[in-house]
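Here is the structure we will look at, set down as structure tokens.
Side-chain atoms are counted along with the backbone in the values below, which use heavy atoms only and exclude waters and symmetry mates. Ligands are counted one by one from 1 in listed order, and the atoms in each one are counted from 1 as well. Computed from a predicted model, the values in this text were never measured in an experiment.
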Amino acid sequence: MNDTRDKWNRIYADRTEPGAPATALVRYAHLLPATGDALDVASGLGANARFLADRGLAAQAWDVSDVAITQIRHPGVTASTRDVEANPPAPDSFDVIVVSRFLDRPLCSHLAAALRPGGLLIYQTFVIDKPEGVGPSNPDFLLREGELLELFSGLTVLAFHDEGQVGDMAAGTRDESILVGRRPPN
Ligand SMILES: C[S@@+](CC[C@H](N)C(=O)[O-])C[C@H]1O[C@@H](n2cnc3c(N)ncnc32)[C@H](O)[C@@H]1O
């Protein structure tokens, strides 16, 4: 894990702009609750956490890179250096969890359990058949076709996106899959 942290620390040493929040978070923002606790998992510079805080949620940003985390200073965001693989969130602890461009398969069951009843998961990351070739090349970090549905099979699916390589490949959003899921209310 020190290798991972050191790799990302080197990347964030040269990067200060958080960039845009995940397109899935923006597109499905109307599904967010007005208040509650939200978590941006593997947040990087916290673009998703900042967006969530601006929407009125108490947002936490967790990332293994202390260089990234120390750069996050935004009203309503609490940023913590945390290895989410070693220290996943506790059960029943968040109303909203957002993950973008990060995949650790064993973590997914912890994320589903960390949602409170009625809680919302927004997940967006790269697929193995990514035509533009952006993102990681290691298949450990790439989704198979429909895999988010399997990883979060206990959630109610509100939205799912995985276009594969069907039809006009010059159109559409092909490189990433999106799942918006809700833990069933008690
Ligand atoms: C591709 S970046 C994505 C950052 C941000 N979510 C985004 O969409 O811009 C992947 C992030 O995962 C973080 N990361 C990798 N392994 C991690 C772990 N075990 N625990 C927490 N963060 C981790 C890295 O530090 C990096 O910030």
Assess Gln124 for proximity to ligand 1: is some non-hydrogen atom of it under 4.0 Å away? no
So, does Trp62 sit close enough to ligand 1 that a heavy atom of it is under 4.0 Å from the ligand? no
Within a distance under 4.0 Å of any heavy atom of Ser100, pick out the atoms of ligand 1 and give their elements. 3 (C), 5 (C), 6 (N), 7 (C), 8 (O)
When you compare ligand 1 with Asp83, is there at least one nitrogen or oxygen pair between them that comes in under 3.5 angstrom? yes
So is there a nitrogen or oxygen of Ala42 less than 3.5 Å from a nitrogen or oxygen in ligand 1? yes
For a salt bridge (charged side-chain N to carboxylate O under 4.0 Å, His left out) check, start with the C-alpha distance between Asp40 and Arg50, then their side-chain angles and the critical distance, and finish with the verdict. CA-CA 9 Å; Asp40 180 1; Arg50 293 165 204 252; over 6 Å; no
Heavy-atom count check: over 12 atoms from other residues, nucleotides or ligands less than 6.0 Å from Glu145 CD? no
With a cut-off of 4.0 Å, which atoms of ligand 1 are near a heavy atom of Glu85? 19 (N)
Quick check on contacts: which atoms of ligand 1 are under 4.0 angstrom from a heavy atom of Arg82? 20 (N), 21 (C)
Centroid-centroid distance, Phe141 to Phe126, less than 6.0 Å: no
Closer than 4.0 angstrom: is that true for some heavy atom of Ser43 and an atom of ligand 1? yes
Side chain or backbone, does Thr4 bring an N or O within less than 3.5 Å of an N or O on ligand 1? no
Is it true that Ser177 and Gln124 share a donor-acceptor pair across their side chains at a distance under 3.5 Å? no
Salt bridge flag under 4.0 Å for residues Arg116 and Asp92: no
Got an N/O contact under 3.5 Å between Tyr12 and ligand 1? yes
Are Glu176 and Lys130 ion-paired here, with the side-chain N under 4.0 Å from a carboxylate O? no
No-hydrogen, no-angle side-chain donor-acceptor test under 3.5 Å, Ser93 and Asp37: no
Can you check whether Val64 has an N/O within less than 3.5 Å of an N/O in ligand 1? yes
Tyr123 vs Phe152 aromatic rings, parallel, tilted or perpendicular, using cut-offs 30° and 60°? tilted
